[in-house]
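Read the structure below first, then the notes.
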There are 2 protein chains.
Amino acid sequence: MSKSQEEKQSRDRKVVVKRGAQENRAELTEAEWEIMKVVWEKQPCAAGTVQEALVKSKNWAYSTIKTTMDRMVEKGFLEIERIRNLQLFHSSISEVDARRGEFRKMLKRAFNGALTPMMQFLIEHEGISKREAAQLREFVSRAGKKSEGKK
Amino acid sequence: MSKSQEEKQSRDRKVVVKRGAQENRAELTEAEWEIMKVVWEKQPCAAGTVQEALVKSKNWAYSTIKTTMDRMVEKGFLEIERIRNLQLFHSSISEVDARRGEFRKMLKRAFNGALTPMMQFLIEHEGISKREAAQLREFVSRAGKKSEGKK
DNA sequence: GAATATATACGACAATTGTAGAACACGTCA
DNA sequence: TGACGTGTTCTACAATTGTCGTATATATTC
């Protein structure tokens with residue numbers, strides 16, 4: 001496997017574009033996640049806005065965030081709308097697609113890509129709060145109807 | 001945040017040791033996952049065994065795998081049992097802990113650490129089969145009881 | 001126009017992760 | 001003992017990601 005092939009695969013794995021019925025998904029790094037969460041909420045917004053939003057939880061230098069965001073533009077995760085000297089960023093990937101990417105990556109690594117072993121894992125090894133359980137019950141009752149519809 | 005602090009936090013995040021009732025979990029890279037899956041299945045085993053097992057899916061050079069495994073020893077994920085000149089590796093982390101680490105990382109990044117939005121996401125965006133929905137229901141029905149026990 | 005504030009561009013370094021070949025060491029066999 | 005096979009050690013490079021200060025550019029105000 002040559003470097004360029006691997007590079008191409010690596011890219012495809014990060015952002016899998018729509019091919020027929022296949023869905024969009026993206027894989028973000030830790031820092032990218034933090035930044036995208038702010039962008040999804042405040043877009044279009046400047047890098048400075050993102051920095052201000054993250055100053056408490058992360059305390060990153062402005063240039064740290066700007067660099068990361070510029071790289072995300074190169075990767076196709078963000079786009080720049082220019083107004084005079086100001087760059088406003090907006091997302092090119094949806095939160096749903098990013099979530100899907102992260103979820104699928106986890107599923108593939110830890111559960112060979114299958115939901116059933118993950119569910120078993122949750123059942124046997126993960127507990128949840130009462131509140132979460134109540135909310136889940138509500139969603140599950142809807143799930144019955146939705147899944148019938150889907151399949 | 002100084003470099004050494006960040007380094008310490010980074011380590012703690014990768015392997016969170018047992019503190020009281022808190023659980024074990026680990027975070028593995030892509031290559032580490034591939035290797036651990038083989039080790040869990042064949043341990044104790046030599047690096048060459050791992051390389052042979054992965055030759056079809058990955059075609060990594062022996063030294064690629066050996067290097068990764070040596071680094072994993074340094075990280076505490078693997079341990080070496082020496083028999084003459086031969087090193088047999090066995091895992092220091094369980095598959096459950098690794099799964100938990102990967103799952104929790106995903107949950108934190110994509111769903112702010114909460115199960116409920118993840119389940120909602122699955123139901124609304126991922127499409128689940130009847131069987132999976134049934135497992136979800138089982139999880140929810142057990143959730144009430146288990147969480148009492150765990151918490 | 002100068003001073004100031006804001007924002008971008010530039011450049012660089014460190015750590016981690018992935019990748020792997022070459023050199024060296026050990027064990028076995030003829 | 002030398003040859004050969006197996007396994008470890010050593011070394012190194014590349015890419016990515018994280019991190020950030022400095023230089024430069026732009027816009028505004030006095």
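Please read these numbers as outputs of a predicted model, since none were measured by experiment. Lettering follows sequence order; numbering is per chain, from 1.
Taking only side-chain nitrogens and oxygens, B/Gln87 never comes nearer than 4.0 Å to OP1 or OP2 of D/dG7. Distances shown here put a side-chain N or O of B/Lys75 below 4.0 Å from the OP1 or OP2 atom of C/dT17. Taking 4.0 angstrom as the limit, B/Ser63 places none of its side-chain polar atoms (N or O) nearer than this to OP1 or OP2 of C/dA20. Contact annotation: A/Thr29 side-chain N/O to D/dG18 OP1/OP2 distance is under 4.0 Å. Distances shorter than 4.0 Å separate none of the side-chain N or O atoms of A/Arg84 from OP1 or OP2 on D/dT26.
Between B/Gln87 and B/Lys66, the closest side-chain pair of non-hydrogen atoms falls below 4.5 Å.
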For this session: List the steps and the verdict of salt bridge (charged side-chain N to carboxylate O under 4.0 Å, His left out) for B/Lys37 and B/Glu41.
Result: CA-CA 6 Å; B/Lys37 284 179 190 175; B/Glu41 189 184 322; over 6 Å; no
For this session: Go through the steps to decide whether A/Lys58 and A/Thr64 satisfy the test side chain to side chain contact (heavy atoms under 4.5 Å, CB included), and finish with yes or no.
Result: CA-CA 11 Å; A/Lys58 288 293 171 186; A/Thr64 300; over 6 Å; no
Exercise. Would B/Met119 and A/Leu122 satisfy side chain to side chain contact (heavy atoms under 4.5 Å, CB included), going step by step from the backbone distance to the final call?
Worked result: CA-CA 12 Å; B/Met119 294 298 182; A/Leu122 291 184; 3.5 Å; yes
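Looking at heavy-atom distances under 4.0 Å, B/Lys66 makes contact with a base.
The CD-C1' distance, from B/Glu52 to D/dG5, rounds to 14 Å in whole Å. Taking atom CH2 of B/Trp60 as the reference point, atom P of C/dG18 lies 7 Å away to the nearest angstrom. Rounded to whole Å, atom C1' of D/dG7 lies 9 Å from atom CZ of B/Arg82. Following rounding to the nearest Å, B/Leu88 (CG) and D/dT6 (P) show an atom-to-atom distance of 17 Å. The separation between A/Glu27 atom CD and C/dT17 atom P is 16 Å, rounded to whole Å. Distance, A/Gln51 CD to D/dT19 C1': 13 Å, rounded to whole Å. The nearest whole Å value for the distance from the OH atom in B/Tyr62 to the P atom in D/dC10 is 14 Å. Per the geometry, CD belonging to A/Glu30 stands 15 Å off C1' belonging to D/dT16, to the nearest Å.
Among the candidates B/Ser92, B/Ser91, B/Pro44, the single residue satisfying the side chain to side chain contact (heavy atoms under 4.5 Å, CB included) test with B/Glu79 is B/Ser92.
Comparing A/Thr64 and A/Ile83 by the nucleotide of DNA chain D that holds the closest heavy atom to each, the one mapping nearer the 5' end is A/Thr64. Each of B/Glu32 and B/Asn85 lies near DNA chain C, and the nucleotide nearest B/Glu32 is the one positioned closer to the 5' end.
With salt bridges taken as basic N to acidic carboxylate O contacts below 4.0 Å, one links B/Glu102 and B/Lys105. For the pair A/Glu32 and A/Arg71, the salt-bridge criterion is not met [side-chain N within less than 4.0 Å of a carboxylate O].
Listed candidates were D/dC20, C/dA20, C/dA9. Nearest to the side chain of B/Ala61 is C/dA20. Relative to the side chain of B/Arg71, the nucleotides D/dT19, D/dA12, D/dT9 differ in distance, and D/dA12 lies closest.
Clustering ILVMFWY residues whenever any of their side-chain heavy atoms sit less than 4.5 angstrom apart, transitively, puts B/Tyr62 in a cluster other than the one holding B/Ile65.
Within residues 38-48 of chain B, no residue approaches DNA chain C, by heavy-atom distance under 4.0 Å.
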